[in-house]
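Reading through the structure tokens given below for one structure.
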Amino acid sequence: MLRDTNCGELRKEHAARTVRLAGWVNRRRDHGGLIFVDLRDRSGLVQVVINPQTAPDAYRVADQLRNEWVVAINGTVGVRPAGTENPRLPTGGVEVYAQQVEVLNASKTPPFAIADEAEVEESLRLRYRYLYLRRSRMLRNLTLRHEVVQYIRRFLDARGFLDVETPILTRSTPEGARDYLVPSRVNPGQFYALPQSPQQLKQLLMVAGVERYYQIARCFRDEDLRADRQPEFTQLDLEMSFVEQKDILDLIEAMYTGMIEELCPAKRVVKPFPRITYREAMDRYGSDKPDMRFGLPLTDLSAEMAETQFQVLRQALAQGGVVKGVLAPGSADYSRKQLDDLAQLARDRGARGLVTIALRGGAQSLDALTMEDVHSVAARFFALPQVKAMARRLEAKPGDLLLLVAGPREVVNASLGALRLEVGHRMGLADPSMMAWGFVTDFPLFEWNAQEKRWNAAHHPFTAPHPEDMERLESDPASMRSQAYDLVCNGNEIASGSIRIHQPELQERVFRVLGYSREDAQERFGHLLEAFSYGAPPHGGIAPGIDRTVMLLADEESLREVIAFPKTQNATDLLFGAPSTVRPEQLREVHLRVVEATPQSAKEPQSSA
RNA sequence: GGCCCCGUGGUGUAGCGGCCUAACACACCGCCCUGUCACGGCGGAGACCGUGGGUUCGAAUCCCAUCGGGGUCGCCA
């Protein structure tokens, strides 16, 4: 070994020990005589002191050092002189007195500072990913990710789960996200697809009798990116036989609570995780992935507005819609501009408009409120008792702002849900140390595809219907609930899963609703259906996103910060220059010809500097 | 596919029609400095403002296009 001690581990009890360290020069402070070098390795930093009097050879080398040079240092650990300790450094009580400094490798001046945690443009971070990863925050994130995966493996291993690998080269499926395709050289004109998830494979493993399967599985989806979406991402894919929904939710809840207690004890978690239905989530939070770190529930005010003179609301109610409201605490003094922004947010989600009612003035309580205090463009349509009734339902106080939206239930929920998040964000209502986990259950089984005028599977076509709804399967698909569930945290979808259909007869009924003929089903899922005809056990599973889990635990806003080599929003890799054009002979070999190239893709692959 | 934001020395920003012969901080280079830890002091080099076109007497500043990065809607069974 070129070293015998890690920089970050040194403490006072190591005093007088002779050590050999190796790492990067994080910073160098040259006092003309004494030189201080902060030496950095993965474990952390330690201050090295080079004294020209006691170590003249070391001093001559240290005089040349620059940031990010790689050096090895022989020296002695010493307790720092009184008054020179650095309490901000874990190793701040000690320093290393260098006897010998050896340059293992010099470094060019890096394109951005490693030691500073200053923001750097995303494209630079990605172009020089290996340098960005040197930053302590990124090494911390990579470490946390490792610990999460290790925790999961230990947890599931202890409960009898088998880690089984499934193919990366698989078959394109007609439903779901766009596939990444891989041409076959030995089968001209045919393509593999990279898995969007190992969904069908894990069900086959249940038929195979594996009973408890898991895999830390890479998944690929050729869809547009977001801060929380990468084209390749990692799921904990998991499936169990002979279980009910509750068994899976209990298991996942135990895994996540244990993981957080062990890895991130500073995080606050409410146990048990609330389990709410999709209907409740939509009605109360206007989202199927509610942020439950704060309250501000959407509240149905249809009853209060039943007799309203306000045509807009009246009309919405008459057409079978609802009037709902959400509270914006302490926002009664919002400017016209601020209110307009909120209204725009509502309109973006399909609302016709937003009614704002500001409760201003010096009233000490709602009872003391007068119409003088009620500021709203629609104030003349409201009687004071109506305003007070609404305010009471929303638990508003003087100084608060009421936000009302009227229309079809779905639109009202969506727009008020967005407003609720915006208000919570503006008011800083979410405790940053809080992780508000919860399960959302009873998702709809089907959703209407207006374009193709048919039903789609809301989750996937193998999701089991809710047992109580079974007799309505054909007669009223819209009302069908499923045994599908999500794990959510702080407004993010973290996991999704379901109990699966294991009887061929039920599967065929579902396929018929989806509009698949027997031949369609055979063509699309024949291999799975055949497998199910050989004694498939009742089974179900779930697939938590590893990247999103780590992102939340690491307090990061983007998945890119917890993935070693992420892609840009255009799904490109700035470090390798992928995707790229390939040589004509490579294309010929896989029987492909590019017939339509945009100017961009026609360009020569960029040579990496 | 739509909408929005950003693009100025190596990095991060300021400048937003003439005061810009482009400013500041950090980094870089040189000299000085024996207790600093975002060390300090003095001096220096370094950008023609992503790219292309246009408007204007005059453009980093306005307009259009384009490229790159980001956010978001659609999309992600």
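First the proteins, then the strands, lettered A, B, ... as listed; each starts at 1.
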Is there a donor and acceptor pair, one atom on the side chain of N86(A) and one on the base of C37(B), closer than 3.5 Å?
yes
Which nucleotide in the list G69(B), G74(B), A77(B) gets nearest to the side chain of R226(A)?
G74(B)
Would you mind classifying the nucleic acid contact of R349(A) as base, sugar-phosphate or nothing, using non-hydrogen atoms under 4.0 angstrom?
sugar-phosphate
For Q344(A) and D348(A), what are the C-alpha separation, side-chain angles and deciding distance, and is it a side chain to side chain donor-acceptor pair (under 3.5 Å)?
CA-CA 6 Å; Q344(A) 187 56 48; D348(A) 289 345; 2.9 Å; yes
Closest to the 5' end of RNA chain B, once Q199(A) and L89(A) are matched to their nearest nucleotides, is L89(A)
So A227(A), base contact, sugar-phosphate only, or nothing? Heavy-atom distance under 4.0 Å.
sugar-phosphate
Among C28(B), G35(B), C37(B), find the nucleotide with the atom closest to the side chain of R80(A).
C37(B)
Let me have a per-nucleotide readout for nucleotides 44-49 of chain B, 5' to 3', with B, S or -, counting only protein heavy atoms under 4.0 Å.
------
May I ask you to decide whether D63(A) forms a salt bridge with R28(A), counting only side-chain N to carboxylate O separations under 4.0 Å?
yes
Under 3.5 Å for both donor-acceptor distances, Watson-Crick or wobble: does U61(B) have a partner, and if so which one?
none
In whole Å, I'd like the distance from the CG atom of N67(A) to the P atom of A38(B).
14 Å
Give none if G68(B) has no partner; otherwise give the nucleotide forming a Watson-Crick or G-U wobble pair with it, both distances under 3.5 Å.
C6(B)
Distance alone, cut at 3.5 Å: any donor-acceptor contact between the side chains of T76(A) and Q99(A)?
yes
Mind checking if D116(A) touches a base, just sugar-phosphate, or nothing, with heavy atoms under 4.0 Å?
sugar-phosphate
Aromatic ring of H31(A) stacked on base six-ring of C39(B), 5.5 Å, 30°
yes
When all nucleic acid strands are considered with a 4.0 Å heavy-atom cut-off, which category describes A118(A): base, sugar-phosphate, or nothing?
nothing
What's the gap between G46(B) and U11(B) when it is taken at their C1' atoms, as a whole Å value?
13 Å
Per atom distances to the D224(A) side chain, the nearest of C75(B), G74(B), G35(B) is G74(B)
In whole Å, measure the gap between the C1' atoms of C20(B) and A65(B) for me.
27 Å
Taking any heavy-atom pair under 4.0 Å as a contact, classify T84(A): base, sugar-phosphate, or nothing.
base
May I ask you to verify whether the side chain of R229(A) and the base of C76(B) hold a donor-acceptor pair under 3.5 Å?
yes
Approximate separation, where rounding is to 0.5 Å, of F446(A) CZ and S479(A) OG
10.0 Å
Could you verify whether a donor N or O on one side chain and an acceptor N or O on the other, from R509(A) and Q503(A), lie under 3.5 Å apart?
no
If you assign each of T572(A) and L34(A) to its closest nucleotide in RNA chain B, which residue comes earlier from the 5' end?
L34(A)
Describe the nucleic acid contact of E85(A) in one word from base, sugar-phosphate, nothing, applying a heavy-atom distance below 4.0 Å.
base
Pair of N/O donor and acceptor under 3.5 Å linking G71(B) base with Q569(A) side chain
yes
Is the shortest side-chain N/O distance from N570(A) to OP1 or OP2 of G69(B) below 4.0 Å?
yes
Taking only the side-chain nitrogens and oxygens of T568(A), find out if one of them lies under 4.0 Å from OP1 or OP2 of G69(B).
yes
Once you apply a heavy-atom cut-off of 4.0 Å, does A115(A) come out as touching a base, just sugar-phosphate, or nothing?
nothing
When you check the phosphate oxygens OP1 and OP2 of A77(B), does a side-chain N or O of R221(A) lie under 4.0 Å from one of them?
yes
Flag for S498(A)-R500(A): side-chain donor and acceptor within less than 3.5 Å
yes
Please report the distance, rounded to the nearest Å, between CD in E68(A) and C1' in U11(B).
14 Å
Quantified in whole Å, what is the P atom distance between nucleotide U8(B) and nucleotide G50(B)?
6 Å
Which is true for Q47(A) with a 4.0 Å heavy-atom rule: it touches a base, it touches only sugar-phosphate, or it touches nothing?
base
Would one find a side-chain N or O of R29(A) under 4.0 angstrom from OP1 or OP2 of C39(B)?
yes
When the C1' atoms of C28(B) and A45(B) are considered, how many whole Å apart are they?
9 Å
Looking across every strand, which nucleic acid part, if any, lies under 4.0 Å from L124(A) by heavy atom: base, sugar-phosphate, or nothing?
sugar-phosphate
Relative to the ring of F112(A), is the ring of Y128(A) parallel (under 30°), tilted (30 to 60°) or perpendicular (over 60°)?
perpendicular
Pairwise C1' distance, G40(B) and C4(B) [rounded to whole Å]
45 Å
What nucleotide among C28(B), G71(B), G68(B) has an atom nearest to a side-chain atom of S558(A)?
G71(B)
Polar side-chain contact R28(A)-C39(B) base: donor and acceptor under 3.5 Å:
no
Between C76(B) and S496(A), is there an OP1 or OP2 to side-chain N/O distance shorter than 4.0 Å?
no
Among the nucleotides A77(B), A27(B), C75(B), whichever has the atom closest to the side chain of T109(A) is A27(B)
Aromatic ring proximity, centroids under 6.0 angstrom, W69(A) and W24(A):
no
Tell me whether the side-chain N or O atoms of E121(A) pair up with the base of G7(B) as donor and acceptor below 3.5 Å, since no angle test is needed here.
no
C1' atoms of U61(B) and A23(B), separation to the nearest Å:
15 Å
Using Watson-Crick geometry (N1-N3 plus N6-O4 or O6-N4) or G-U wobble (N1-O2, O6-N3), each under 3.5 Å, A23(B) is paired with U13(B)
Is it true that the side chains of Y132(A) and E561(A) contain a donor and an acceptor less than 3.5 Å apart?
yes
Do D442(A) and R481(A) meet the salt-bridge criterion of a basic N to acidic O distance under 4.0 Å?
yes
Does the ring of F112(A) lie flat against the base of U11(B), closer than 5.5 Å centre to centre with planes under 30°?
no
P spacing across the pair C42(B) / U51(B), given as an integer number of angstrom:
35 Å
In whole angstrom, give the distance that lies between atom CD of E122(A) and atom C1' of G12(B).
15 Å
Give L574(A) one of three labels, base, sugar-phosphate or nothing, depending on what nucleic acid heavy atoms sit under 4.0 Å from its own.
sugar-phosphate
Measure the distance from CZ on R178(A) to P on G74(B) and round it to the nearest whole Å.
14 Å
Any salt bridge between E223(A) and R229(A), counting N to O under 4.0 Å?
no
Should the side chain of R27(A) and the base of U36(B) be counted as holding a donor-acceptor pair, with the cut-off at 3.5 Å?
no
Base, sugar-phosphate alone, or nothing: which one does T91(A) contact when heavy atoms must sit under 4.0 Å apart?
nothing
Between L559(A) (CG) and U72(B) (P), how many Å, whole number?
11 Å
Checking side-chain polar atoms at under 3.5 Å, does D547(A) have a donor or acceptor matched by the opposite partner on Q230(A)?
no
Spacing of R135(A) atom CZ relative to A27(B) atom P, expressed in whole Å:
14 Å
Compare side-chain N and O positions of R560(A) against OP1 and OP2 of G71(B) and report whether any pair is under 4.0 Å apart.
yes
Using atom P of each nucleotide, how far apart are A14(B) and C24(B) to the nearest Å?
16 Å
